[in-house]
Amino acid sequence: MLAHEQKTIETQIECYHCGLKCPDDSVALGSKFFCCTGCRAVYQFLKENALDDYYKHTVTPGARPEQKDASRFEFLDDPAIVQRLLDFSDDTSGRVTLRIPQIHCTSCVWLLENLYRVRPGILMSSVNFVRKELTVVFDPRTVTLRQLVELLARIGYEPELNLGSLHEKPQKNPNRSLYIKIGVAGFAFGNIMLLSLPEYLGDVSEGGMALMFQLLSLALALPVLFYSASDYFRSAFSGLRQGVVSIDVPIVIGMLVLIARSIYEILYGTGVGYLDSFTGLTLFLLVGKLFQRKTYDRLSFD
């Protein structure tokens with residue numbers, strides 16, 4: 001009975017580095033226990049390089065290093081492959097961006113951004129937590145790309161290096177389309193405000209000049225309607241098809257009322273419409289969406 005209880009207690013010991021359950025207490029260093037010799041080696045490596053503050057940020061923050069043959073990185077000795085992996089390189093510096101799936105907490109960020117303290121030749125490193133990417137600037141005269149990758153693998157942050165992905169086009173910024181829509185809406189809003197300036201000042205020209213300004217404003221508003229505001233229309237119609245009234249439905253109704261009323265007043269000569277209000281509403285909604293995405297990214301990191 002006592003032997004059974006002792007075995008149960010032993011199996012509940014957590015690895016000081018990665019937090020996994022230790023099968024026994026055979027792999028230890030002082031009062032600290034580890035699940036494998038790999039975790040113990042990483043701990044010793046960090047302690048020898050005065051990086052043991054890594055464990056103060058989060059309890060058991062480490063990623064467990066996999067026991068693999070170091071020769072698997074021999075392909076990084078090929079200059080042609082190295083040049084395809086690097087973002088930039090010259091005689092004195094190189095820049096590489098590596099995807100590291102093991103990034104999961106602030107301790108990971110702290111350690112990876114302090115690599116310059118571990119290996120001479122690493123000039124700077126920064127982490128994109130949301131995309132789990134590490135960008136490193138290094139001196140190729142002091143440290144090679146293979147040595148950098150081997151260092152990351154040794155401390156449990158082996159990057160994903162898929163040679164097949166070298167032929168793929170880099171992923172576009174997910175916010176690129178939103179930036180373009182904001183640009184189109186901002187351009188239209190600014191120009192419509194300028195064309196409407198005589199109306200604001202009460203200096204309304206009679207005849208063809210006033211009508212020309214109004215038609216130009218309408219022409220500028222159409223790309224905003226069909227392109228910049230398209231996401232709101234798609235979201236509203238998709239929700240209605242499923243029997244759901246989302247917040248985009250009243251937004252779309254407001255946009256349609258503004259644009260329809262403006263077209264009616266311009267064509268029948270009863271007014272100048274509300275094209276400035278329509279384009280301004282669309283612009284500020286899109287800017288709000290951009291800030292929302294940025295906030296979600298920041299909250300994910302926090």
**Student:** How would you list all residue pairs meeting side-chain hydrogen bond (donor to acceptor under 3.5 Å, both in side chains) that involve residues 255-268, not counting sequence neighbours?
**Tutor:** Arg261-Glu265
**Student:** Which heavy atom of Gly94 sits nearest a heavy atom of Pro140, and at what distance?
**Tutor:**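 Nearest heavy atoms, Gly94 then Pro140: N-CD, 3.9 Å.
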**Student:** Treat each ILVMFWY residue as a node, draw an edge where side-chain heavy atoms are under 4.5 Å apart, and state whether Phe291 and Tyr179 are in one component.
**Tutor:** yes
**Student:** Does any part of the side chain of Arg146, heavy atoms only, come nearer than 4.5 Å to the side chain of Asp78, both counted from C-beta?
**Tutor:** no
**Student:** Can you name the one residue among Leu115, Thr97, Leu148 that meets side-chain contact (heavy atoms from CB on, under 4.5 Å) with Leu134?
**Tutor:**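 Exactly one pass, corresponding to Leu115.
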**Student:** So do Tyr274 and Ile259 actually touch side chain to side chain, heavy atoms under 4.5 Å?
**Tutor:**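 Side chain of Ile259 against side chain of Tyr274, heavy atoms only: no contact under 4.5 Å found.
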**Student:** Using the rule that Ile, Leu, Val, Met, Phe, Trp and Tyr join whenever any side-chain heavy atoms are under 4.5 Å apart, tell me whether Leu216 and Leu222 fall into a single cluster.
**Tutor:** yes
**Student:** Would you call Phe278 and Met255 a side-chain contact if the rule is heavy atoms closer than 4.5 Å?
**Tutor:**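 The answer is yes; the side chains approach within 4.5 Å.
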**Student:** Please report the interatomic distance CD(Glu113) to OG1(Thr135), rounded to the nearest 0.5 Å.
**Tutor:** 10.0 Å
**Student:** Sorted by first residue and then second, give each salt bridge (charged side-chain N to carboxylate O under 4.0 Å, His left out) pair with at least one member in residues 88-103; sequence neighbours left out.
**Tutor:**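 Checked against salt bridge (charged side-chain N to carboxylate O under 4.0 Å, His left out) - neighbours excluded - the pairs reaching residues 88-103 are Asp87-Arg95, Arg99-Glu160.
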**Student:** With sequence neighbours left out, which residue pairs that include part of residues 239-248 fulfil the salt bridge (charged side-chain N to carboxylate O under 4.0 Å, His left out) condition?
**Tutor:**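 Of all non-adjacent pairs touching residues 239-248, none passes salt bridge (charged side-chain N to carboxylate O under 4.0 Å, His left out).
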**Student:** Would a 4.5 Å heavy-atom cut-off, applied to side chains only, mark Asp231 and Lys289 as touching?
**Tutor:**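 Result yes, sub-4.5 Å side-chain heavy-atom pair found.
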**Student:** Going from CZ on Arg293 to CG on Leu178, what distance comes out if it is rounded to the nearest 0.5 angstrom?
**Tutor:**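 The CZ atom of Arg293 sits 5.0 Å away from the CG atom of Leu178.
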**Student:** How close do Tyr116 and Leu123 get, counting heavy atoms only, and between which atoms?
**Tutor:** CB-O, 4.5 Å
**Student:** Could you see if Ile81 belongs to whatever hydrophobic cluster contains Leu145? Use Ile, Leu, Val, Met, Phe, Trp, Tyr and a side-chain cutoff under 4.5 Å.
**Tutor:** yes
**Student:** Could you note down all residue pairs passing ring pair (Phe, Tyr, Trp, His ring centres under 6.0 Å) where residues 228-258 supplies at least one of them, sequence neighbours left out?
**Tutor:**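 Listed by first then second residue: nothing to list.
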**Student:** Kindly indicate whether the side chain of Ile266, heavy atoms from C-beta on, has any atom under 4.5 Å from the side chain of Leu275.
**Tutor:**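 Sidechains of Leu275 and Ile266: in contact.
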**Student:** With distance as the sole test, does Ser238 use its side chain to make a donor-acceptor pair with the main-chain N or O of Ser235 at under 3.5 Å?
**Tutor:** no
**Student:** With rounding to the nearest 0.5 Å, note down the distance linking CG in Leu256 to CD1 in Ile251.
**Tutor:** 12.0 Å
**Student:** Can the positive tip of Lys132 be found less than 6.0 Å from the middle of the six-membered ring of Phe129, inside 45° of the ring normal?
**Tutor:**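 Here Lys132 passes the 6.0 Å and 45° test against Phe129.
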**Student:** Are Met193 and Phe213 linked, directly or through other ILVMFWY residues, by side chains that come within less than 4.5 angstrom of each other?
**Tutor:**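 Yes; tracing contacts between hydrophobic side chains, which count when under 4.5 Å, links both residues.
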**Student:** Looking at residues at least two apart in the chain, or sitting in another chain, which of them share a side-chain contact (heavy atoms from CB on, under 4.5 Å) with Leu220?
**Tutor:** Phe187, Ala188, Asn191, Ile192, Leu195
**Student:** Would a hydrophobic clustering, with Ile, Leu, Val, Met, Phe, Trp and Tyr connected at side-chain separations under 4.5 Å, put Val245 with Ile253?
**Tutor:**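 They do share one cluster, since a chain of ILVMFWY contacts under 4.5 Å joins Val245 to Ile253.
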**Student:** Any chance the side chains of Ser89 and Gln83 put a donor and an acceptor closer than 3.5 Å?
**Tutor:** yes
**Student:** Does a side-chain heavy-atom distance below 4.5 Å link Ser228 with Leu286?
**Tutor:** yes
**Student:** Using a 4.5 Å cut-off on heavy atoms from C-beta on, say whether the side chain of Val137 contacts that of Ile122.
**Tutor:** no
**Student:** Closest approach of Val96 and Phe138, non-hydrogen atoms and distance?
**Tutor:**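 Distance-wise, the nearest heavy atoms are CG1-CE2, 4.0 Å.
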**Student:** Could you give all pairs that pass the salt bridge (charged side-chain N to carboxylate O under 4.0 Å, His left out) test and reach residues 213-225, with sequence neighbours left out?
**Tutor:** none
**Student:** With rounding to the nearest 0.5 angstrom, report the OG to CG distance, Ser125 to Asn114.
**Tutor:**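 Result: 7.0 Å between the selected atoms.
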**Student:** For the residue pair Val287 and Ile182, establish whether any side-chain heavy-atom pair is separated by less than 4.5 Å.
**Tutor:**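 With C-beta onward as the side chain, the pair touches.
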**Student:** In Å and rounded to the nearest 0.5 Å, what is the OG1 to CZ distance from Thr92 to Arg141?
**Tutor:**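 Going from the OG1 atom of Thr92 to the CZ atom of Arg141 covers 5.5 Å.
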**Student:** Just verifying a value: how many Å separate Thr282 OG1 and Phe284 CZ, rounded to the nearest 0.5 Å?
**Tutor:**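 If we round to the nearest 0.5 Å, Thr282:OG1 and Phe284:CZ are 10.5 Å apart.
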**Student:** Under a 3.5 Å distance rule, please check whether Gln147 uses its side chain to pair with a backbone N or O of Thr144 as donor and acceptor.
**Tutor:** yes
